[in-house]
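Sequence lines set the chain letters: A, B, ... in the order given, protein chains first and strands last, and positions in each chain run from 1.
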Amino acid sequence: MIDVRLLRDDPDLVRAAQERRGESPAVVDDLLAADESRRASIAEFEQLRAEQKQLSKQIPQAQGEERAALLSRTKELSGQVKTAEAAQGEAAAVFDVLLKSLPNVAAAEAPPGGEDDFVTIEEVGTPRDFAAEGFEPRDHLELGRLLGAIDVERGAKVSGSRFYFLTGVGAQLELALVQLAMAKAAEWGFIPMIPPSLVGPRAMEGTGFLGQAADDVYHLEKDDLYLVGTSEVPLAAYHSDEILEADSLPLKYAAFSPCFRREAGSYGKDTKGIFRVHWFDKVEMFVYTTIEESYATHEALLAWEREWLDALELPYRVIDVAAGDLGLSAIRKFDCEAWVPTQGKYREVSSTSNCTEFQARRLNTRVRGEDGTRPAATLNGTLMAATRTIVALLENHQQADGSVRVPAVLQPYLGGRQVLEPLA
RNA sequence: GGAGGUGUCGCAUAGUGGCCUAGUGCGCCCGCCUGCUAAGCGGGUUGAGGAUGAAACCUCUCGCGAGUUCAAAUCUCGCCACCUCCGCCA
C-alpha cells in the first residue's frame with residue numbers, strides 16, 4: 001500500500017499515476033472520503049475512552065453517593081465506548097480495503113499505456129541467421145525429444161496440460177543452471193536461500209498477489225495455504241514485522257524455489273512445449289534497501305540479469321514495461337526477453353521490479369535509521385527461470401544435426417560436456 | 001493426530017482485578033566523575049495511531065481475537081506459535 005500521507009498531501013500525483021496505468025483516478029476520492037470518516041470515528045472513540053478511563057480511576061476512592069454517580073456514568077460510557085470502538089473498526093476496515101486495492105504509484109518514467117506500450121531500451125547480441133547457415137531451426141520441443149531432455153506427453157498424462165518431465169540431460173541441464181545461478185548470485189553478495197513455496201494468506205496478500213492476480217494463484221483451501229508463483233513471496237514476508245537496522249542494508253537474497261501458476265485466462269497461448277507451464281523452478285533475487293537506494297538497486301538487478309544472459313550467450317532485448325502492465329506492487333519494471341528462433345520473437349525470461357515501500361508497508365518491514373523508523377524498500381528480479389532458459393538455450397545454441405552447444409560457463413556444471421548430443 | 005507446559009519492553013525476569021503511567025537487572029545511548037579503562041553516579045531506551053503550525057496532550061500495544069467488568073497483563077472462551085513426551089513419517 002502507498003503512504004496515506006502522500007494520498008492526503010498530493011492526491012493529484014496519485015490520480016496522475018492511476019491514469020498512466022489506465023485505471024480510474026476516482027478511487028483516490030473514495031479513499032480521501034474514507035480517510036476522513038475513519039479519522040472522525042477515531043477521534044470520537046478516543047474522546048469517550050479517555051473520559052471513561054479518567055472517571056474509572058476515581059471509583060476506588062469514591063464513597064457513597066459520589067461513587068454511585070460515577071458508576072452510573074461509567075456504565076453508560078462503557079456502552080458508548082463499545083459502540084464507538086466498533087464504528088471505528090468498521091471505518092478503518094473500509095479504508096483499509098480501499099487502500100490495499102490501490103496500486104503503487106507508477107513511476108513518471110514508466111511508459112504510459114498497456115502491455116504493448118513498452119519501450120525497448122536495448123537489443124543485445126544478434127539472432128542467428130539459420131537460413132544462411134543452411135538449416136531450419138528445430139523448436140525446443142523437438143530438440144528436447146531428440147536429446148531425451150523433455151517429456152511433455154507424460155507430463156500431461158500424469159498431471160495434465162502444461163506439465164512436463166525433464167529427463168536425462170534435461171534434468172541435468174536444469175540442475176547445472178541452478179547451480180551456476182546460485183554460484184553467481186553468491187559471488188554478487190546474495191545470501192543463498194531455499195524458502196518454502198507454500199505460504200499463508202498474509203505473505204500472499206502482502207506481496208500483492210491476491211489482488212487482480214488472485215485467479216492465477218493456487219490455493220489449498222483445506223489448509224488455507226497458497227502455492228507461490230515466485231519466491232518473491234516468501235522472501236518479502238521473511239522480514240515481516242521486523243525492524244531492520246539501516247546499516248545492515250542492503251539485504252540481498254537469492255532463492256531457489258519451484259513456482260506455481262494457474263495460468264488462468266491464457267488458454268490457447270503458448271500451448272506447445274514448456275514455455276508456459278503451471279510449475280517451473282526459478283532462482284530469484286530479492287533486495288531490502290531504502291527508498292533512496294532503490295532506484296540504483298533496480299539498475300543493478302537489471303545489470304545482473306543481463307550479465308547472466310550474456311554468460312549464456314543468448315541474444316535478448318531489454319524493455320521498459322508500460323505502467324498498465326506493472327502489476328499492483330511495482331512502480332517500474334524492466335523485462336529481459338530472449339530471442340526464440342522458432343517464434344521469431346523476443347520472449348520474457350526475466351523481470352525486475354522496484355516495489356519501493358509498497359510491500360514493506362503491507363508486511364510491516366521497517367528500517368531504523370538516524371531519522372527514526374520507516375518502511376523498507378523491496379525489489380525483486382529473476383535470475384534464472386528454468387523452463388524458459390532451457391527453451392532459449394536449446395533453440396539458440398542448436399546445430400544442424402540436432403545437437404546443442406553448451407556455453408562455456410555452464411560446461412563445468414555439466415561434467416565438462418561441450419555439446420549435448422541427440423540420443424542414438 | 002494425542003497429552004502436558006510456556007508466551008510480559010532488545011535479552012532475562014517481577015507482576016492473581018484499581019497503588020501498572022508495567023517494576024527490576026543486563027545490554028544499549030547521553031552526561032557526570034576519573035591520567036586511560038573498569039567501577040560509581042544521574043538521565044534516557046517497545047511500537048503504532050489521533051490531534052496540533054509545532055508541542056504539550058490523547059488512544060492503542062503484555063502472542064492474536066472475542067467476552068465478563070465501571071475497570072483486565074491479571075478472570076473466561078477460541079485461535080496461533082514454541083517446548084517436552086507419545087503416535088506416524090522423509
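A distance of about 43 Å separates the P atoms of B:G50 and B:C33, rounded to the whole Å. Taking the C1' atoms as reference points, B:C75 lies 26 Å from B:U24, given to the whole Å. Comparing the same atom, P, in B:C19 and in B:A72 gives a spacing of 11 Å after rounding to whole Å. Atom name P, nucleotides B:C79 and B:G23: the rounded distance is 34 Å, in whole Å. Atom C1' of B:C85 sits at a distance of 32 Å from the matching atom of B:G10, rounded to the whole Å. Across B:U21 and B:C58, the matching P atoms stand 12 Å from one another, rounded to whole Å. Separating the P atom of B:C28 from that of B:U37 is a span of 15 Å, rounded to the nearest Å. Here, B:C60 and B:U46 have their C1' atoms 13 Å apart, quoted to the whole Å.
Under the side-chain hydrogen bond (donor to acceptor under 3.5 Å, both in side chains) criterion, A:D241 pairs with A:R202, A:N364, sequence neighbours left out. With sequence neighbours excluded, the residues forming a side-chain hydrogen bond (donor to acceptor under 3.5 Å, both in side chains) with A:R38 are A:D35, listed by chain and number. In this structure A:F190 satisfies the ring pair (Phe, Tyr, Trp, His ring centres under 6.0 Å) test together with A:W304, sequence neighbours excluded. For A:W308, there are no ring pair (Phe, Tyr, Trp, His ring centres under 6.0 Å) partners at least two apart in sequence or on another chain. Residues meeting the salt bridge (charged side-chain N to carboxylate O under 4.0 Å, His left out) test with A:R388, sequence neighbours left out: none. Checked against salt bridge (charged side-chain N to carboxylate O under 4.0 Å, His left out), A:K82 has no partners two or more places apart in sequence or in another chain. For A:E23, there are no side-chain hydrogen bond (donor to acceptor under 3.5 Å, both in side chains) partners, not counting sequence neighbours.
Between the side chains of A:T356 and A:N104, at least one donor N or O sits under 3.5 Å from an acceptor N or O. The closest side-chain donor-acceptor pair between A:T365 and A:E242, if any, does not fall under 3.5 angstrom.
Within residues 86-100 of chain A, no residue has a heavy atom under 4.0 Å from RNA chain B.
Applying the Watson-Crick and G-U wobble criteria (two distances, each under 3.5 Å), B:U69 pairs with nothing in any strand. Using N1 to N3 plus N6-O4 or O6-N4 for Watson-Crick, or N1-O2 and O6-N3 for G-U wobble, each under 3.5 Å, B:G1 pairs with B:C86. Across all strands shown, B:C11 forms a Watson-Crick or G-U wobble pair with B:G25, both key distances being under 3.5 Å. Shown here, B:U34 forms no base pair; nothing in the strands shown gives a Watson-Crick or G-U wobble contact with both key distances under 3.5 Å. Applying the Watson-Crick and G-U wobble criteria (two distances, each under 3.5 Å), B:A48 pairs with B:U59. Base pairing analysis places B:A81 opposite B:U6; the two distances defining the Watson-Crick or G-U wobble pair are each below 3.5 Å.
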| query | Could you run down nucleotides 48-60 of chain B 5' to 3' and tag each one B, S or - for protein heavy-atom contact under 4.0 Å? | reply | SBSS------BBS
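Crowding of A:I194 atom CD1: a count of heavy atoms from other residues, nucleotides or ligands under 6.0 Å not exceeding 12.
Mapped onto RNA chain B by nearest heavy atom, A:R368 and A:T74 fall at different nucleotides, with A:R368 at the one closer to the 5' end.
Going from atom CD of A:E245 over to atom C1' of B:G47 covers 14 Å, rounded to whole Å. Between the CD1 atom of A:I243 and the C1' atom of B:U46 there is a distance of 8 Å, given to the nearest Å. In this structure, CG of A:L55 is placed 12 Å from P of B:A71, rounded to the nearest angstrom. Rounded to an integer number of Å, the gap from A:D247 CG to B:C29 P is 13 Å.
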Please tabulate the protein-to-nucleotide N/O contacts below 3.5 Å involving nucleotides 16-19 of chain B, giving atom names and distances.
from	atom 1	to	atom 2	distance (Å)
B:G18	N2	A:S56	O	2.9
B:G18	N2	A:S56	OG	3.3

Protein-nucleotides 75-81 of chain B N/O pairs under 3.5 Å:
none

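Residue A:R202 is classed as having no contact, given no heavy-atom separation below 4.0 Å to the nucleic acid.
Taking the side chain as every heavy atom from C-beta outward, A:L177 and A:L393 approach each other to under 4.5 Å.
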Show me, pair by pair, the donor-acceptor contacts under 3.5 angstrom made by side chains of residues 87-102 of chain A, not counting sequence neighbours?
from	atom 1	to	atom 2	distance (Å)
A:S101	OG	A:L98	O	2.7

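In this structure, A:H239 has its ring center closer than 6.0 angstrom to the ring center of A:Y288.
Put simply, A:K82 has a side-chain N or O that comes within less than 4.0 Å of OP1 or OP2 on B:U68.
Judged by distance alone, with hydrogens and angles left aside, the side-chain atoms of A:D139 form a donor-acceptor pair with the main-chain N or O of A:L141 at under 3.5 Å.
For the atom pair NE2 of A:H278 and CG of A:L227, the computed distance is 12.5 Å after rounding to the nearest 0.5 Å.
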